[in-house]
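Here is the structure we will look at, set down as structure tokens.
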Amino acid sequence: MKNKESIYAVITGDVVDSSKVDRAYRDLLIDTLKEAFSLAGTLTRKKNCSVSFDIYRGDSFQGVITDPSFALLTSLVIRSSLRKAQPESSTISWDARTAIGVGPIDYLPDEVSEGDGEAYRRSGPLLDKMKTEQRLIVNTPWDEVNKELSVQSALLDAIIAKWSPNQAEIVLELIEGKSRKTIGREFGISQAAVHYRVKGAGWHAVKKFLDRYQFIIRKQLKT
């Protein structure tokens, strides 16, 4: 565990309209969340970053990321996993609201949802204040960063809202670092079909935001 002056990210979230999810799909929903947390941990572990999550109240979750520059990536893994797993018969779009708080942590027990510190206080209360159409919000100790991320988060929300399960699946594959050739072979589709899904998912813009987020957070951490 890092000392309390280190900067972490806390993600607090919940599943959108979870009360409307068919009871037959409740297990699938929870399993999807757990798999997303595991994938985020695997991806960030390669970068010397640790990710830990708790699920509480059935549809809510909270996690700690030891390197805050990977918080947006983690949020994207969660949301794209839900969009990918959405059953064809579902009458609602599977998605999650995620509030990312960046800052020090004063207390970090094994049950991460019981922790405390600035990162927690920047995350949890934000989720409760989210507007109906919002799905992502980021709050850091740096005002200029918050202003920039507010605009970019709204644009990302607009992109994700249009994803089909197939497009979300492609995004997950790209996040894992797979080439388009590999994706086409694994899915049994042509490169033209891969290109169509990648373009439809707005991956170019999504990747730009991921890279920009990491750059500005890491820049702030160095100052």
Side-chain angles (χ1 to χ4, degrees), residues 1-14 36-37 40-41 43-54 60-80 95-109 112-161 171 175 202-223:
M1 183 185 303
K2 299 189 293 186
N3 64 57
K4 70 177 184 179
E5 296 304 320
S6 297
I7 303 297
Y8 297 76
V10 170
I11 295 180
T12 307
D14 58 21
F37 301 154
L43 294 174
T44 56
R45 194 175 302 118
K46 300 174 183 178
K47 306 293 184 180
N48 297 316
C49 173
S50 174
V51 173
S52 300
F53 272 90
D54 287 341
S60 301
F61 52 88
Q62 190 165 58
V64 173
I65 299 93
T66 57
D67 182 343
S69 69
F70 290 108
L72 180 62
L73 174 70
T74 301
S75 170
L76 188 60
V77 168
I78 294 169
R79 297 181 65 190
S80 54
D95 199 353
R97 302 188 307 159
T98 56
I100 299 173
V102 176
I105 287 179
D106 302 318
Y107 176 61
L108 184 55
V112 296
S113 60
E114 298 177 1
D116 189 30
E118 181 181 332
Y120 280 93
R121 292 189 288 272
R122 288 185 180 275
S123 175
L126 279 182
L127 188 70
D128 297 329
K129 296 177 182 178
M130 267 192 182
K131 296 180 180 178
T132 304
E133 68 276 8
Q134 282 184 302
R135 298 290 182 266
L136 171 66
I137 190 168
V138 184
N139 189 279
T140 76
W142 313 293
D143 289 340
E144 289 303 314
V145 170
N146 292 338
K147 291 176 182 178
E148 177 178 342
L149 294 181
S150 175
V151 175
Q152 294 173 339
S153 295
L155 293 174
L156 181 62
D157 280 345
I159 291 173
I160 293 178
V171 169
I175 288 174
W203 173 247
H204 177 73
V206 172
K207 185 64 166 59
K208 286 279 189 182
F209 184 22
L210 281 172
D211 291 345
R212 176 61 181 169
Y213 174 88
Q214 285 196 336
F215 174 79
I216 59 179
I217 295 297
R218 288 173 178 171
K219 182 179 178 181
Q220 293 296 329
L221 292 176
K222 290 179 180 178
T223 58

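Between the side chain of Ser123 and the backbone N or O of Thr12 there is at least one donor-acceptor pair closer than 3.5 Å. Judged by distance alone, with hydrogens and angles left aside, the side-chain atoms of Asn146 form a donor-acceptor pair with the main-chain N or O of Thr140 at under 3.5 Å.
Ionic pairing of Lys147 and Asp143 is not present here: no N-O contact between side-chain nitrogen and carboxylate oxygen is shorter than 4.0 angstrom. Under a 4.0 Å N-O distance rule, the pair Arg97/Asp157 does not qualify as a salt bridge.
Scanning all heavy atoms of the two residues, the minimum distance from Asp116 to Ile105 falls at O-CG2, 3.4 Å.
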| message | Under the criterion side-chain contact (heavy atoms from CB on, under 4.5 Å), I'd like the reasoning laid out for Phe70 against Lys47: C-alpha separation, chi angles, the key distance, then a yes or no. | response | CA-CA 9 Å; Phe70 290 108; Lys47 306 293 184 180; 3.3 Å; yes
| task | Evaluate the criterion side-chain contact (heavy atoms from CB on, under 4.5 Å) for residue pair Tyr8 and Ile65; output intermediate values, then yes/no. | result | CA-CA 6 Å; Tyr8 297 76; Ile65 299 93; over 6 Å; no
| request: Before giving the answer on side-chain contact (heavy atoms from CB on, under 4.5 Å), spell out for Trp142 and Ile217 the whole-Å C-alpha distance, their side-chain angles and the decisive distance to 0.1 Å. | output: CA-CA 10 Å; Trp142 313 293; Ile217 295 297; 4.1 Å; yes
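Side-chain atoms of Ser69 and Gln214 form no donor-acceptor pair, as typed in the model, at a separation below 3.5 Å. Checked by atom type, the side-chain pair Asp14/Ser60 shows no donor-acceptor distance below 3.5 Å.
Here Tyr107 and Tyr120 keep their ring centres 6.0 angstrom or further from each other.
Within a 6.0 Å radius of CG in Asp128, more than 12 heavy atoms belonging to other residues, nucleotides or ligands are found.
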